[in-house]
Each structure stands twice: as structure tokens, then as C-alpha cells.
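So the structure is just underneath, and the comments pick up after that.
A, B, ... follow the sequence lines: proteins, then strands. Residue 1 opens every chain.
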Amino acid sequence: MSKQKLMAIDGNSILNRAFYGLPELLTTSDGIYTNGIYVFLNIMHKFIEEENPEYICVAFDLKAPTFRHNKYEGYKANRKGMPEELRVQVPLLKEVLDAMNIKRLEMEGFEADDILGSVSLCAEKKGLEVILVTGDRDAFQLIGPSTRLKLPRTRGGKTEVEEYDYNKIVEVYGIKPEQFVDVKALAGDTSDNIPGVPGIGEKTALALIKEYNNLENLYNSLDSIKKKGLREKLETFKEQAFLSRELALIERNMPSLCDIEELKRVEIDREKTYEIFKRLEFRSFIDKFGLNDVQIQNTVELNVKIAKNASELESLKNNILKSRKVCIYHLIDKTGSFSQKLAAIAISPVEDEAWYLDFTNNIDEDEFFRQFKDVLEDGNIKKYGHDLKNFIVYLNNRGIDFNGLAFDTMIGAYIINPSKETYTISELAQEYLNLSVKAVEELAGKGKSFTLFKDMQPDVLSKTVGVYPHVISKVSRKIDSLLKENNQERLYYDIELPLVRTLADMEYYGFKVNVDALVEFSKELQEKIDVVTKEIYTLAGEEFNINSPKQLGVILFEKLGLPIIKKTKTGYSTDAEVLEELSDRHEIVEKILEYRQLVKLKSTYAEGLLAVINPYTGKIHSSFNQTVTATGRISSTEPNLQNIPIKLEMGRKIRKVFIPSDENYLLLDADYSQIELRVLAHITNDENMINAFLNNEDIHTSTAASVFGIPKEEVTPLMRSRAKAVNFGIVYGIGDFSLAKDLKISRKEARAYIDGYLDRYPNVKKYMHDIVEEGKEKGFVTTMFMRRRYLPELKSRNFNIRSFGERVAMNTPIQGSAADIIKIAMVKVHGELKKRKLKSRLILQVHDELIVETFKDEKEEVEKILLEGMQNAVSLKVPLVVEIKSGSNWYETK
DNA sequence: CCCGCACTCT
DNA sequence: CATGAGAGTGCGGGT
């Protein structure tokens, strides 16, 4: 029978190696560093698989001074502390090991080395085979006939292992493992600050020990050393050599560490391990350890009542009228491309009472709304929900005027951390309550083709969703207290929450489209595309798929032999920038650019928009998403109305099809002039920039005048356009390289522009520096209204990631504050239109502009409301200027 | 079904 | 050492 095995791991050493082995600082989505733990677990897991040891332990150093410090105060004196990013991972790693039931060993006054030494000696005595795992070659001295060493080295996330056993040591070094202390006694160790004998390096030391076996023998035979210098060094530092040996000698007889049976491997605690892996976002480990099916410790014990009839609805309603609050989780099912149906509602008047209303089986939706219209419209009954915008849109369609919005957990979670991909109830429960709740998204199936809820077993759905109101209630309280902590209450309660209703109304109201004109436009485009396609085929001498960059690349760079300007990961780059550079080398290039432009217009805009016109309303009802961007902007989908062409005339024409609801209405387009630069002037408090705005100057002209050091009257159009590029670039944290490319100037000139700019606006320069420092220190940056964005990238050791973080730190407060401001304006404008019972409606926001469909008679009043709402949304050190244009279609509002 | 590319906007 | 922030859509091509 082969021997049983014990594996002893030097926790500090391996974690250290792991940390430095993975170049990117892996973090969880809320910024906990995990790269060291991640690699550590990979290494450990691999070794456990390889060796399958019966016993295992991980040893750690403790902070307290060791017996070595007592012997020699210089010991490890020049050792730097761990970087903060690594230090925070130590307790987490220990938590992981505890969850995995892997024994941790640590003892005051000793280092992990000593623990390895002592445990291995005990294990040897008990007849076990020992595998030591460490990144430190000092442990060579512990190798013995039944003790081996694994020395992992990680680079770029890849781990290689060197293995040493007794024979290999003898073979490679020509000495026995236990003689390494004597080598170190002579050679010393700079990293531990062990002095050794100055002037003797590893090679000499090794040769000496090889010849003399040990220190005693060497010093007894000093006379036989021929080299005078060497002999004198040895003589002079004899005492230091012996002290060094003591320091280098790993303790193998630590007291009370010898109960090997305690180190016996046992099953991991699946729940705890699952919990911490989830917390650290180690999805791959959850798979690797087969933990996907773990049912979690914390579940909600709740008796969810399934409503069966109208009288039960009535008693639920009465309870809500009593509590004056209600938590609602709504499930809206897509029943067709333009139709949806309320599938179910989970609802609870108090935290421990939950109802499930199933509108596909038990409850009649009309009956429910008859009974609950009052409740839903009563502003004094507080509504807590999740993603309520969609519910409000649904209610709008049913003629119900939702009021009393008190909390939306999706929005709340977004304010706490806007960088997450998704905000599902299940994730929120885990993150904020450490509670595991099944995800309804998993039941519905992935992707856009929604599985109809009616095809699912109703009890699965009711059990899953039934507890959601309870979760909403708890999470809302938790998030509320975090909002207080972060000083984000105003942002949440005065801006984001009211905005939910504003966006819902915008979606509901929609943007009217002239369908016939759009169809006609599409046809015109197709005709043009046909012509250009033929021309391209002729010029290429063959037919190919022009839409395929791959095929196009072959034609341009292989068949036609055009020079390769730029490559992508997958092949030749054929983007507009490249094509423009090639445009005078071959006729085909211009045609390709024209083709691309036409095809984009036809597919994305003409056909894309036709596909999303609601046949019942003749309007486009885009979704405005409030929890997508990391900066606080809103986004628009299905379709995206925030990227309708405007720059090129051919594309701009598409705006003609966007029209008011009928002939009694007009479109108003109100846009902020230079909002981001005004915000920049305000935030940086830069006198020069503030004055430019106060004097109502053209900012690009005045920047040009400043940078070129000439009077404004002498600024040429070229100078102004260059200044404009710098103004924009500065906001994004541009570098000289990109600016040079932008302006087709030399890098040196670009650098001079940027430097000149920063000299002229010294507070901008200071801000750009300070905000990065602040972000690094706090871990996040904030906007004027305390919107927060976490930036773990700032601490990355990877230059690219870190630089990205720095640019984001500079840009987010600017872009985000502008987003805050226009959101305030939206809420004000929407509220005012409603309060005055006007027929005009806010229908669209495009980051710095608001589009209102105004009843013709109300035009002047609405213009005032827009100006007031937008210009006075916030008081800055510079004025906010708004320009309003009107037209009978969107094209005309220019 | 997902990724990369290309293009659209502020 | 690589190189300007934030988004969404449609297509091709590989799985």
C-alpha cells in the first residue's frame, strides 16, 4: 500500500506569488480585489487533484515579531509591507479556506515556513509522504526522503510548477537539502535581510558547502582555503555566518502543532463555499466544485397565498388600505411583437403577508384593476417595486394613473453601483441581504424570444416570485440606509425616482412617424444601393459580399493591392478611417464608403424603424433605460432614438419622418449649449473658462485665442476647429497621439496644443490630476449630485487598464453631472406640463436636448417651461444656455 | 447564440 | 506601453 499523503501549503508565499502572477487586478463588480485568491485557488485545486492528499493544511505568517527578530533586529528589516490590494485579500482567502474545511495554521512568533517545517517533520515521523507547496526556495532545507516540494510560478495567469525531491536536489545542487542552511549562512539573503558573509554569493557558498559539508567543518579547515581574500572574509564574519544560519534555519519542532489527525481532509462546506464564491464572483469555481445546485442557507420562509377569487382580492385590498403601503412585483409577458399582458403580480401589504395573483389562471385582470385602480392611483399609498417604469407604462395603457411611487429597488441598486450588468431581484437579494432567491429570469429562458409564462407550471412561478415583495421591502430599507450613508438621498428621491414616471410617460406617449415617407425613403435608398453595388462589383472585377469586412479586405488588400493601413484582431481593418486614407488610391474606396453609409441608413434606420412602429398607435415607443450607463446618462433601445443621423445630409433626411401626433402639434427641440464644458468650468472653478462663459463668448474661439495667444478677432476658422477638438478631447482625457490623428498634425504639435490648453486653464489641469487622486483614494468618483462610480481600474498594475481608469475618473464627473442636470430638467418640465394640464408632452431626451411635442396654442408657454426648467435646473458658476428650435418635423428643428 | 466589426449619436 | 468618454444596432462568421 502506498503511503498516505499530507500537503502543507505556505499561504503567504503562494498568495504572494499568485497576486503578482496575474497582471490584471481582478476585482468583483463592487471593487473587492480577488486576483490573488483566484490564482491561489487554481494552484491549490490543481495540486489537490494531482496528489489527492489525505491530509492538508495552509500555514500563514502572523504580524507579531518572530523569534528571528529577537535574535537579530535587522531581520526582514528592509521588507516592504504588502500592497493594500493584496493585504485585503488575506482575510478573504482565510474565509474561503474555512468554508472549504481546510485547516489553517498560524502561530504567534513563527512564520509559515516554521509551520511547514514542523508539520512535515511530524508527518514524516508518522510515516506520511509530505508535499510542501511554497514559492520560497528557503524551504529546500525541509526536503527529505519522504518530503517533496512543489514550487509554482505564475506568469500572466499561467502557472508552471517546479518539483524537487531529495534526489533532484542532490542532482541539481550537489548537496543534501539540509545543507542549504549552511549555504545561506554564507551567502545571506537580501530579501530577508540575512547578512551572511559579505562578498560571498550563492555560487561560492554552494561550492564551499559542497567541499566542507557544513559551517563547523569549514571553519575548522579554514587554513586549507587557498584564496586569501575569501579566507579573510570568512574569518572576519564568522560570528555573522553562524547567526545567519540560525536565522535561516527553519524551526521543525514547534510546540503543539503535531496533531496531524486534525489536518485530515474532510468534505467542503458546500453552502459556505458556494456563498463565498458567489460573493467573490468566482463563477468558474462554482462550476468546478459542482456547487451550482447548492440550496442556500438563507431562504425566505413565507407562506405565499394564491388568490383564487374576487373576495380574496378584496381582503388583500383592505389590508393595503390599512397599511398604506404595498410591495409589488409585476410580471409582464410579451404575447406578440406589440402586445403584452400582465401575467402575474406578487403583492404584499406587510412584510410577512404575501399574495400571488395569477392572471393567466385564477384571477381576471379586469376584475383586479376594477378593485385596485383606487389603490394604484392613490398617492398616499406608498408603492415599493422593482422596475416600476414598465408597470407604469402598462398601467398608462390601461388608463390607470399610477401614483405614490416610494421606492424602486432596481433604480436604488443602480444608484449604489451603476456599473453592474443587470439588477435582478435575485442578485439584489444575494448582494444586499445575503439571501438566495431563485431568479425568475432563469425560468423565462434567455434571449429576446420570451417564453410565455403561461407555458410554465404556475406553482414554480408563484413559489419563485411570491417572495419577491418581501425581498423588495427588505432591500429597499437596506438601500435606503446606504443612500443616506453615501449622501445620495437627494439624487435618488428627488431626481431618479421621479424620473421613473417621466420616462414611463415618454415611452407611453411615443414619437409619431410618417410611415409612408419612411417606406419611400427606404425605396430610394435601395435604388441607390443597387447602383453603387454594381459599380463596386465592376471596379472589383467580381461579385462579393460588401458587407463582409473579411471579403472586402481580400478584395482591397490582396486583389487590388492597396496598402494595409491598420489591422484588427481578425484581419485587415476596413473602417472609415482606413478607407478615407485610401480614397485617392482607387475609385472603389469612395464607393465602399458611400455603400456603407447607404446600407446603414437602410438597414438600421429605414427598415429598423419601420419594424418598431406600433401598428396601433402609429408611433415609436422606444424604451428609455435608467440603469444602463455607468455615468448616469439614460439609454434608449428598441429603437435607439438617441443616435438618429444628423451629421451628414443624406442621413439627416431621416429626421423628416419624425413628426408630431397631428397637425395641431409642433415639435420643439431644446438643447443645452456646451453643457459639458460649462460643467467643466464650474467643477474646476477655472477663472479663465468661467469668464469666457460669463461673457457669453464662443468657447472654441476663446479657447483658440487663449491657446494661440492672440486676440479673439484674429482667430481663424482652422484655429477654432482645432481648439474645438482640444476642448472635446480634454473632456475625454485625450492624449497627444489621438489628437494628432484627429487633426492630422504631428504628435509634437498636438502635445503643444494640450500643454498650451492646460496652461491657459490651470484649474482644469489641477482638476484632472486631483480627481484621479481622489478616485484612487476613495475608490470612486462622484458627480455634482453625488452620483457615484467605482473605479477599481485606477489601482491596476496594467498600464492600459489604469490609464483607462484615469480617463474615466476625469470624464465621469463631467458627463455624469451633465446627466444629473438634464434629468432634473426633465422632471421639472414633465411635472410642469402635467401640473398645468397642458396637451404638450416631453417625448425624447438625447443627452443634452429635450424634444417636446407641443400643442400649437401652447407653444410660447411650453418654450418658457423648457427654458425655465433647463436653464434653472441648477445654479452653476456659469450660465446654462438653452436654445430652442421648432418645426413640423424633426428635420426642421435645426 | 455570441463575438467582432463597422457605423450611428451626444 | 498604447493611445478619447458614454451608448445601441445590424451584419458576417464561427460555434
Side-chain angles (χ1 to χ4, degrees), chain A residues 23 418-419 445-449 544-553 566-579 592-593 595-609 611-612 622-625 628-648 650-652 654-655 671-672 674-676 680 725-742 747 750-751 754 781 789 797-816 818-819 822 844-849:
Chain A
S419 303
K446 283 182 206 158
K448 297 254 163 182
S449 57
F544 65 101
N545 187 346
I546 310 166
N547 294 323
S548 163
K550 197 178 166 186
Q551 293 181 35
L552 178 63
K566 190 165 68 169
K567 287 200 154 199
T568 66
K569 272 183 263 183
T570 49
Y572 313 115
S573 171
T574 67
D575 64 20
E577 201 188 317
V578 169
L579 296 184
I592 303 278
L593 283 165
Y595 174 91
R596 287 240 177 102
Q597 198 190 344
L598 290 166
V599 165
K600 182 73 181 174
L601 282 173
K602 170 123 202 299
S603 64
T604 302
Y605 297 103
E607 284 171 359
L609 290 175
V612 290
S622 171
S623 289
F624 298 108
N625 312 299
V628 171
T629 73
T631 53
R633 281 185 173 180
I634 57 174
S635 85
S636 157
T637 52
E638 267 184 300
N640 181 356
L641 289 186
Q642 293 179 321
N643 72 347
I644 302 301
I646 190 165
K647 282 183 192 144
L648 302 170
M650 169 133 51
R652 191 173 194 157
I654 195 109
R655 293 185 170 226
D671 81 300
Y672 278 114
Q674 306 297 350
I675 190 168
E676 289 195 346
L680 178 67
V726 181
N727 268 326
F728 277 105
I730 287 288
V731 173
Y732 303 144
I734 200 173
D736 53 10
F737 182 86
S738 306
L739 184 64
K741 214 169 54 178
D742 228 30
R747 211 172 145 167
R751 185 74 255 161
I754 294 172
V781 293
R789 178 175 183 180
R797 291 190 310 285
N798 177 312
F799 177 86
N800 286 328
I801 295 174
R802 192 173 61 248
S803 305
F804 170 74
E806 289 167 358
R807 294 191 297 270
V808 169
M810 298 185 251
N811 174 263
T812 295
I814 301 166
Q815 189 184 121
I822 197 164
L844 183 61
Q845 183 250 47
V846 191
H847 311 308
D848 65 355
E849 63 178 319

If I take atom [atom1] in residue [X] and atom [atom2] in nucleotide [N], what distance separates them, rounded to the nearest angstrom?
X	N	atom1	atom2	value
A:Lys569	B:dC3	NZ	C1'	9 Å
A:Asn727	B:dT10	CG	P	17 Å
A:Leu601	B:dA6	CG	C1'	14 Å
A:Ile654	B:dC9	CD1	C1'	14 Å
A:Met650	B:dC7	CE	C1'	14 Å
A:Ile592	B:dC5	CD1	C1'	15 Å
A:Ile634	C:dG8	CD1	P	11 Å
A:Leu641	C:dT9	CG	P	10 Å

Of the non-hydrogen atoms in [X] and [Y], which two are nearest, and what is the gap between them?
X	Y	value
A:Ile814	A:Val731	CG2-CG1, 4.1 Å
A:Ile644	A:Leu641	CG1-O, 3.7 Å
A:Ile654	A:Tyr605	CD1-CB, 3.7 Å
A:Ile634	A:His847	O-CE1, 3.5 Å
A:Pro639	A:Ser622	O-OG, 2.8 Å
A:Ser738	A:Ile734	CB-CG1, 3.8 Å

Same-atom distance ([atom1]) from [N] to [M], integer angstrom:
N	M	atom1	value
B:dC7	C:dA2	C1'	24 Å
B:dC3	C:dG4	C1'	24 Å
C:dC1	B:dA6	C1'	27 Å

With sugar-phosphate taken as primed atoms, P, OP1 and OP2 and all else as base, the protein-contact string of nucleotides 2-7 of chain C at under 4.0 Å (heavy atoms; B, S, -) is BBBBBS
Each nucleotide of nucleotides 10-15 of chain C classed B (base within 4.0 Å of a protein heavy atom), S (only sugar-phosphate) or -, in 5' to 3' order, makes SSSSS-
Checklist line | Step-by-step side chain to side chain contact (heavy atoms under 4.5 Å, CB included) determination, A:Ile822 to A:Ile675 | finding: CA-CA 9 Å; A:Ile822 197 164; A:Ile675 190 168; 5.5 Å; no
Residues 800-814 of chain A vs side chain to side chain donor-acceptor pair (under 3.5 Å), sequence neighbours excluded, gives A:Arg789-A:Thr812, A:Asn811-A:Gln815
**OP:** Examine distances only and state if a side-chain atom of A:Thr568 and a backbone atom of A:Thr570 form a donor-acceptor pair shorter than 3.5 Å.
**Re:**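 Looks like yes, one N/O pair under 3.5 Å.
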What's A:Ala576 touching, base or sugar-phosphate or nothing? Going by heavy atoms closer than 4.0 Å. sugar-phosphate
*Quick one: label A:Ile730 by what it contacts on the DNA or RNA (base, sugar-phosphate, nothing), any heavy atom closer than 4.0 Å.*
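Nothing, no nucleic acid heavy atom in range.
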